[in-house]
Structure formats: structure tokens, C-alpha cells
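Source: prediction; values computed, not measured.
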Amino acid sequence: MYSEKVMDHFQNPRNVGEIENASGIGTVGNAKCGDIMRIYLDIDDDGIIRDCKFKTFGCGAAVATSSMATELVKGKSIEEAMKVTNKAVMEALDGLPPVKVHCSLLAEEAIHAALWDYAKKHGIEIEGLEEPKADIHEGEEDEEEY
Amino acid sequence: MEQPIYLDNAATTKTAPEVVEAMLPYFTEHYGNPSSIYSIGSAAKEAVTQAREKIAATLGARTNEIYFTGGGSEADNWALVATAEAYAAKGKHIITSKIEHHAVLHTCKYLEKRGYEVTYVDVDENGILKLEDLKRAIRPDTILISVMFANNEIGTVQPVREIGVIAREHGILFHTDAVQAYAHLPIDVEDMKIDMLSASGHKFNGPKGIGFLYIRTGIKIRSFLHGGQQERGRRAGTENVPGIVGIGRAAELAFSKLQENGAKEKMLRDHLIKRIGEEVPYCRLNGDAKRRLANNVNYSFRFIEGESLLIMLDMKGICASSGSACTSGSLDPSHVLLAIGLPHETAHGSLRLTVSAANTMEEMDRVVDAVKEIVGRLREMSPLYEDFIKKQK
Ligand SMILES: Cc1ncc(COP(=O)(O)O)c(C=O)c1O
């Protein structure tokens, strides 16, 4: 069901953990739907993401997308990090099964939430960044046919 | 790699070699149509009759009360839809439980869209039907009570006889989905006042895609599949002869070792329950500790998600299942775990291990060690666990 890359990032997740006194922390998702992602960013004075760590409660795809997202933003500038979309995360993982696409959205959202937290703390504005939704599953409805 | 440890016997079981052996001649030699008059046809017909007799005997039923179907789901669909249609003049109300298999629940939803009313009776925190609620739900227009014999996720065995008595007293038909219980527990349709019962071959070392519906004589439900006169005109279509021979042989084998297998499974189950309960912190045993299928273990582990756990177990060669949303393909975790009152996040972290008599104690120990290690690893990764630990300080 999962690509080799997804399995690799699930089995050997990169950058698991916490950052003390992080520049920005973002937590998205909810336990009700079965996935929560938290991203920690360490951003230096030049606006470069020096370090990035994550913690995730969720399925294999949720862990793998978090892991890949941290890899993609580490060492990047804020502007570059803003370009790490869910599509970019999915492509880097050689794709996700359709039912797991929401995990990659969650990863993008988690990065944005951490950047939002950083921007708020520093009183700056990041172009293109909007306040994260509290729950990315809002508005999604299961459709069942009988 | 070491042999995989198969602990998903509630999903399906290994077809017994004796069953395969019994089936083979009905592909190669006795391939005739049971409805034909020449001898290779009549050999097939005879085999179907024998299988029907064997199965009827295991339930205390009559031979002509057993109708072969294409599995448990078909038997459930048939029992509900056909009863609803046949008894619509009496009423359009059906009672069931909140923890039925989807084969029953989705059929109820289907009927609701067609003008029937369904009451979904609650279960207690161990998954046992609340009999008082059941009695209160009965109305003059109630035509059917359908409650499963034993639950496929948490293994809880229902007070079937009590339910049967209540239904009979009120002149209401009683159907039970016994897919997880048949050939695992003794069942007597007379004593338990069961009017209809569904079972499925692949849950007791028989083949997949074959099951049966027991229908008590005198119940007027009609054909579900229209066509030829097979199954006394109630289920058309040339019989799945090898499947029927297989389910008959599987029933015979299972009943010859019912006590023995049950005792072995119970020993394995109790070992798993005890060790996991003692060695993995923040866990909860789901389902009733005593009124429980001998093969079922279901634990919830807080702060972790079931699919991750399953993948990691799979990497260690352990086959298990979970009630997490990710494994059900929707956003909601198992309706059974929610019905017994589990919060969503705890329901997502559930693990079902269903043993068979072919498993060993050594395998159980390997599984517990693996579960301990993996749960620990996933918790280290979990923001929920991080928050919990910080709050504790
Ligand atoms: C309780 C219960 N009912 C019905 C079914 C469906 O049976 P089958 O797979 O034979 O259609 C199952 C098996 O998944 C089950 O566990």
C-alpha cells in the first residue's frame, strides 16, 4: 500500500523529538480523527531554519509525511519553507494512497502553524502565510452509500 | 525470516488441509450439477445433503432449515431484508444493537431509507447488550430483533438465550449473527429460541465465500436470489458444491474438537491478556473479561495510533488488526469501541489479537515483547504522550 520511501521514513523517521526554546511550534490535526502533528522550528537571525523536529500521533503516512516535511524545510529560508507544499511532500515520498493525502496536507499545515507561531512571537509578517485552521478536517464529510 | 505469527483469526482462518482434501474431488471428479439426473450430478447432490445434515445436527436444527449462502454477509442481508419485506404488514420496526457487524448495520441503514424504523440498543462498557433497554425498545410493530452472538472486535458474547426468550414472549422474530461464534461455542437453536442464524465458513477453517442461514420452519421469509429451485426455491443459483462440502467438513472438524480447541485458545488468550496488562502501561482491555470468545484479545494503548502499530508488528512478522480510523478507511474509529464508551483517541489506539489453537505460548511471548517495544517507540514519537508526561510533572 505504501511506497518504499514512505516505509523508509516510517521505519526510520528523521528528526523525531523536541527543540527546547524553539523559535516556533505548530500543532495541527486532532485526536478525534486520529492524527496530530507537532513541528518545532529553530530559526536563526538570518531567517534560516537551522533545525526542525517533529512529534506525530497517527498512521504510517502521518509519521512519514512529518519526517519528510522536516527534511524538506531544514536548512532552508522561511520563503523556501513556504514553498514546501503538500504536493512537494507527497512527491518526495513517491506518492501516497488517496485515502492518505490528508496526511500530507497536515504536514504542510504543521509547518505553516510553526511559522505562524514564529512570526507572531517576532511581530513579523510572512508573505502568503495565513493563520492555521484549528482542525484541518473541518468541512470534510464522510460519504456513505447504502 | 521466521514464520509469521498469525493472530487475525477473527478476520479469517487458515483453511484446514482436511477441508481442502474433502473439497478437491468436487472440482475434479464430481463436478456435475446437483440438479442433474446422471450420476456425477447425484454424487454432488448427495454431498450437499450430507453437509446440510452435518450442520443441522450441530445446531439442534432440522436439515431443511439450513440454507447455504455466499457467506456471512449474504446471510445477514437476507435475514433482515426478507424478514422486513415478509412481515411489513405486521410492522416496520426492527431492533438491533449498536455493535453489530456492518453486514447488519448497513442493511439496517438500507431499510431505514425504505421506510423502516430501526432502534439501535446500547451496550454497557463491556459490550453487553442492555436487556432493559431492549425490552423498552419493543413496540407493537416490532417485527425483528437482530443481535449478534459474539462481537468480532471485542469478543463479547451476548446473553443470547435471554434475548431469545424476550423475543419469543413478544412474538417477535429473533435473528443472530453467529459468524464469530458458530463452531467456536455450543449453540442450540431450540434452547436459545433462535429463529434465524448466520454463519460463515472461513471463520472456522472452512473456505471463504460460503456460509449459511438457519431459518426456523414456519418463518415465511422469501427468496433473496431469484431463479432456479435450489435451496428449496429460497436461494437460486447452482450450488457452490466444493464450498458446501468444505463448510460441512470444517463444521465436523470444529465440533469434534470444540472443547479442546476452546481450552487451548483460552490459555493463549489469557496469557496475552495478563502479560500485556501487566507490562504495558496506560492500556485498557476492551470487552468483557469473562463473557468473551476464547480467541479474542483487544487492548487500547493510549497516546498511539493503531495503524502505525500494525505496520510495525507486520515488520516483525506479526499479523493483527485494529479499530483505528486509518484501518477502516474513514475518519472515525470503530463504532464498536465508541459504543463501549472509548474516547476517540483511545479507540484509534486499539489492537485486536485473535488466536487459534495452532498458535503456541512461545509465539504469545514474542508478540508481547514486540508490542511492548513498539508501543514504547510510538509513544516517544507522540505529541499526546509528550503533553501527558509534561502535565504529570
Ligand atoms: C460478526 C460478523 N458478521 C458478518 C461477517 C461477514 O462474513 P463474510 O465475510 O462471510 O461475508 C463477519 C466477518 O467479517 C463477522 O465477523
Side-chain angles (χ1 to χ4, degrees), chain A residues 1-2 6-20 25-40 53-64 66-67 70 96-100 102-103 106 110 113 135-146, chain B residues 77 81 102 105-114 118 301-316 322-335 337-338 342-350 374 377-390:
Chain A
M1 150 170 140
Y2 289 132
V6 172
M7 285 307 285
D8 176 39
H9 275 263
F10 174 67
Q11 276 172 262
N12 312 294
R14 330 292 200 259
N15 308 311
V16 180
E18 300 162 48
I19 297 177
E20 260 186 68
I25 304 175
T27 305
V28 295
N30 70 41
K32 199 165 174 253
C33 297
D35 26 41
I36 298 181
M37 276 181 204
R38 179 172 295 162
I39 295 233
Y40 297 84
K53 294 227 184 284
F54 81 92
K55 286 219 171 167
T56 289
F57 162 85
C59 60
V63 172
S66 323
S67 166
T70 59
L96 284 175
V99 294
K100 303 292 187 179
H102 73 276
C103 293
L106 202 59
D135 172 6
I136 68 141
H137 292 314
E138 260 170 6
E140 268 180 47
E141 280 288 330
D142 281 8
E143 286 213 14
E144 283 188 84
E145 259 304 317
Y146 298 100
Chain B
N77 275 255
V81 175
H102 284 139
L105 286 182
H106 287 180
T107 306
C108 286
K109 292 274 178 258
Y110 167 90
L111 289 169
E112 281 179 315
K113 288 200 177 156
R114 280 152 188 83
V118 181
F301 303 103
R302 287 179 65 193
F303 321 117
I304 67 161
E305 194 279 331
E307 193 209 72
S308 303
L309 178 55
L310 293 189
I311 301 176
M312 289 192 175
L313 284 170
D314 180 44
M315 290 177 331
K316 290 179 183 284
S322 166
S324 87
C326 277
T327 55
S328 72
S330 80
L331 292 179
D332 283 320
S334 135
H335 64 284
L337 298 177
L338 296 180
L342 256 58
H344 274 72
E345 57 260 48
T346 314
H348 284 299
S350 78
I374 295 167
R377 221 178 124 193
L378 289 172
R379 281 183 178 156
E380 281 309 309
M381 239 191 261
S382 166
L384 293 175
Y385 188 61
E386 179 188 317
D387 293 347
F388 174 78
I389 294 298
K390 280 185 182 148

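Atom OG1 of A:Thr56 is separated from atom CD of B:Glu305 by 11.0 Å, given to the nearest 0.5 angstrom. Note: B:Glu386 CD to A:Ile36 CD1 = 11.0 Å, rounded to the nearest 0.5 Å.
Contact detail for A:Val16 and B:Met381: the closest heavy-atom pair is CG1-CG, 3.5 Å. Contact between A:Cys59 and B:Glu307 at its shortest, heavy atoms only, is CB-OE1, 3.1 Å. When all heavy atoms of B:Ser308 and A:Phe10 are compared, the pair lying nearest together is O-CZ, 3.4 Å.
Every residue two or more places apart in sequence or in another chain that forms a ring pair (Phe, Tyr, Trp, His ring centres under 6.0 Å) with B:Phe303 is listed here: B:Tyr282, B:Tyr385, B:Phe388. With sequence neighbours excluded, no residue satisfies side chain to side chain donor-acceptor pair (under 3.5 Å) with B:Ser350.
Contacts of B:Glu112 with chain A are absent, with no heavy-atom separation under 4.5 Å from either backbone or side chain. Looking at A:Ala62, neither its backbone nor its side chain comes within 4.5 Å of chain B, counting heavy atoms on both sides. If you measure heavy-atom distances from A:Gln11 to chain B, the contacts under 4.5 Å come from both the backbone and the side chain.
Between B:Ile311 and A:Met7 there is a side-chain heavy-atom pair separated by less than 4.5 Å. Here the side chains of A:Pro13 and B:Arg377 are in contact, with some heavy-atom distance below 4.5 Å.
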